[in-house]
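Notes to accompany the following structure.
In this chain, residues are counted from 1 in sequence order. From a predicted model like this one, the values you see are computed outputs, not experimental measurements.
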Amino acid sequence: MTKAAEPNFETTLLVRDTCLCLHVQRAARALARSFDDALKPAGLTSGQFSLLMSLNRPAPPNVGSVAALLAMDRTTLTANLKPLQRQGYVISETDPDDRRSRLLRLTDAGRQALSIAVPIWKRHHAAIETTLQNPDTLRGELDALSGRVIQSDR
């Protein structure tokens, strides 16, 4: 087996300047910090807000569907649910149609937390969108990169 050449500094600069993964990660971290700061008065992080919103539906979803929507593995989702369960925002219950599956239900306290957070999110989100040339195009490109097929959950 031949030894691979160590990358030179020009390669480092190429990756820094062109790597889509790096650019998306950097933007995601900056956006998350920005929304974390904005949502602080509601007592939620941006991740908690997204998770609670994913549960805000007419029928409680199962763990697998929420994990898929949020592009998380089930273990990570479970870890992220624990603080929200301790705060009384979410409960996990056995699916009556499949006893092996768990359903996630947003509680009244969780809905109250969202009722405080949503106006904050709307203002902050609108302010960020004004800085973008075409937010709809960006959303579409990010959805394409994530491989997510947009489906209605009505």
### Message
Can you give me the closest heavy-atom contact between Gln87 and Gly43, atom names plus distance?
### Response
NE2-O, 4.3 Å

## Note on the structure
Heavy-atom closest pair (Asp136 atom, Arg139 atom, distance to 0.1 Å) is OD1-NH2, 2.6 Å

### Task
Report the C-alpha distance between Arg57 and Ser65 in whole Å, list the side-chain angles of each, state the deciding distance to 0.1 Å, and finish with yes or no for side chain to side chain contact (heavy atoms under 4.5 Å, CB included).
CA-CA 12 Å; Arg57 12 178 142 178; Ser65 70; 4.3 Å; yes

### Task
Keeping the roles fixed (side chain from Ser146, backbone from Asp143), state whether a donor-acceptor pair exists under 3.5 Å.
yes

### Summary
residues 11-35 vs salt bridge (Lys or Arg N to Asp or Glu O under 4.0 Å), sequence neighbours excluded, gives none

### Message
Tell me the closest heavy-atom pair linking Leu103 and Pro96, and the distance in Å.
### Response
CD1-CD, 4.0 Å

### SB check Arg105 Glu93 (cutoff 4.0 Å)
yes

#### Entry: Close side-chain approach of Lys40 to Asp36, heavy-atom, < 4.5 Å
no

### Task
Grab the two heavy atoms, one from Leu114 and one from Pro119, that are nearest each other, plus how far apart they are.
O-CD, 4.4 Å

### Query
Could you state the interatomic distance from CG (Leu52) to OG1 (Thr107), rounded to the nearest 0.5 Å?
8.5 Å

### Summary
d(Gln48 CD, Leu39 CG) to nearest 0.5 Å is 9.5 Å

### Message
Let's go through Asn8 and Thr11 carefully: what are the C-alpha distance in whole Å and the side-chain angles of both, what is the deciding distance for side chain to side chain contact (heavy atoms under 4.5 Å, CB included) to 0.1 Å, and is it a yes or a no?
### Response
CA-CA 5 Å; Asn8 57 29; Thr11 303; 2.9 Å; yes

### Single hit among Leu77, Asp73, Thr78 for side-chain contact (heavy atoms from CB on, under 4.5 Å) with Thr75
Asp73

### Query
Taking atom CE of Met53 and atom CG of Leu70, what is their separation to the nearest 0.5 Å?
11.5 Å

### Message
Is there a side chain to side chain contact (heavy atoms under 4.5 Å, CB included) between Phe49 and Val118? Walk through the geometry before answering.
### Response
CA-CA 9 Å; Phe49 175 78; Val118 166; 4.0 Å; yes

### Task
Please tell me if the side chains of Leu104 and Pro60 come closer than 4.5 Å, counting only heavy atoms from C-beta onward.
no

### Task
Could you go through the side chain to side chain contact (heavy atoms under 4.5 Å, CB included) check for Ile128 and Ser34 one step at a time?
CA-CA 10 Å; Ile128 288 171; Ser34 173; 4.0 Å; yes

### Query
Mind checking whether Phe35 and His125 have parallel, tilted or perpendicular rings, split at 30° and 60°?
tilted

### Connected hydrophobic set around Leu13, excluding itself, where side chains approach under 4.5 Å
Phe9

### Query
Which atom names give the shortest non-hydrogen contact between Met72 and Asn80, and what distance separates them?
CE-ND2, 3.6 Å

### Message
Are Leu145 and Leu22 linked, directly or through intermediate hydrophobic residues, by side-chain heavy-atom contacts shorter than 4.5 Å (ILVMFWY only)?
### Response
no

### Connected via hydrophobic side-chain network under 4.5 Å: Leu55 and Ile91
no

### Query
Does Arg102 reach the side chain of Thr94, with side-chain heavy atoms less than 4.5 Å apart?
yes

### Task
Return the minimal non-hydrogen interatomic distance between Ser54 and Leu51, and the atom names on each side.
OG-O, 2.6 Å

### Message
Does either side chain, that of Asp98 or that of Ser101, offer a donor lying less than 3.5 Å from an acceptor on the other one?
### Response
no

